[in-house]
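One structure is given below, encoded as structure tokens.
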Amino acid sequence: MMEMNKEVVMERFIRYVTFDTQSNDENSSCPSTPGQVVLAQYVAKELGKIGLEEIAVDNNGYVTATLPANGRPQGSVIGFISHMDTSPDMNGTPVKPRLVKEYDGKDIVLNKEKSIVLSPQDFPELTAYIGQDLLVTDGITLLGSDDKAGMCAIVSAMEYLLAHPEIQHGKVRIGFTPDEEIGRSADLFDVPAFGAEFAYTVDGGEIGAIEYENFNAANVMVRIQGRIVHPGTAKGKMINALSIAAEWQQMLPAGQRPEYTEGYEGFFHVNKLSGSVESAVISLLVRDHDLVSYEKRKSFLQVMADTFNAKYGPETIQLEIKDLYYNMREKIQPVMFIIDLARDAMEAVGVVPKTKPIRGGTDGARLSFMGLPCPNLFTGGHNFHGKYEFLPVLSLIKSAETVVEIIRRVGIR
Ligand SMILES: [Zn+2]
């Protein structure tokens, strides 16, 4: 039976979240914020202390290290990856985590002064953790379990394996990336240098989560050219770009929006609209797990553009469709044993695996298409990117144990 030291793991997590590593998409350098470099260097030092090898922090702030094989005939080299940045959506400093001991099932007052309460009425999933210790925020910042819980689970697993040489294993690579929250963490990830046959991101939510399906995703800009004329003499001459924008949105399938969809249901999502009579721009997201229906959605938009151009004149609508990422399922399917491996490992440490399609993307999706199949494992955190974020300590421990158990099982087939 594995015995992770709960105090050590928790202390490590609390240490990581005190680093301000909020990323910033307005800065094009990598990492986008200096705080991430500070954490990268800090964790690199820690990895050295616990005894990992080949520790490197590259010029872009990516941290990699190796846990060498210890006696097991070399099988697959596997990797574990998490990201160091926190979301720009919510204040990320100073994070002051608080430990709620043996949660009693009632409201948790996060901030008395501001009357911010984490309540099971709003978040019924809390009741699954009655009796457990929870890490919560002070109501002012996010907690940062996305993804410092992942970092913590990986480092704690490495520490555990180095302290338990009786557990034989092959070579393991670990990687910590910057700027995942702004969609850039895979950009400069050196897959060949990482040198793993497959890897897992440890960046998921509640205990047991294992994810290997995500959206196919395109971002679309709809540029609308109107014609401004003095309103007093506009009859038959003015083309109001704002009216066309409204008409455009009305023509999108009404039920296929984020607020009406779940599971494997795709959507169109207008997330920004700006303009005047003369011109307007609509920013629109297209998301679908199924590649065929994803392509259909994009051609539907093209047909809409053609229809509008026939009605209002050529070049009234200009469409710009940019594919962002694809469903990693296609790349995982040929190596499904890595999903089974993770499921078996979870069960071995007493966790019930839960497979769910991701309604978004992950670093792993892009890495999978870069040649590193990379499903996503739970960290244990809930309510990411906000002040109601919380992390059950036991879930974090189980995340670290899952990492250990996967490593132990690789090659025993
Ligand atoms: Zn994350």
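In listed order, ligands and their atoms are each counted from 1.
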Ion pair present between E347 and R343, side-chain N to carboxylate O less than 4.0 angstrom?
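R343 and E347: not salt-bridged.
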Restricting to under 2.8 Å, identify the protein N, O or S atoms around the Zn ion (ligand 1) as residue plus atom.
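Listed by chain and number, the nearby protein N, O or S atoms are H83 NE2, D146 OD1, D203 OD1, D203 OD2.
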Once rounded to the nearest 0.5 Å, what's the spacing between atom CD1 of I338 and atom CD1 of I406?
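Rounded to the nearest 0.5 Å, the CD1-CD1 separation comes to 9.5 Å.
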Before you tell me yes or no, could you show the steps for Y129 and F123 under ring-ring contact (aromatic ring centres under 6.0 Å, His included), namely the whole-Å CA-CA distance, both residues' side-chain angles and the distance that decides it to 0.1 Å?
CA-CA 12 Å; Y129 302 104; F123 304 102; over 10 Å; no
Residues forming a salt bridge (Lys or Arg N to Asp or Glu O under 4.0 Å) with [X], sequence neighbours excluded:
| X | value |
| --- | --- |
| K96 | none |
| R297 | D288 |
| R257 | none |

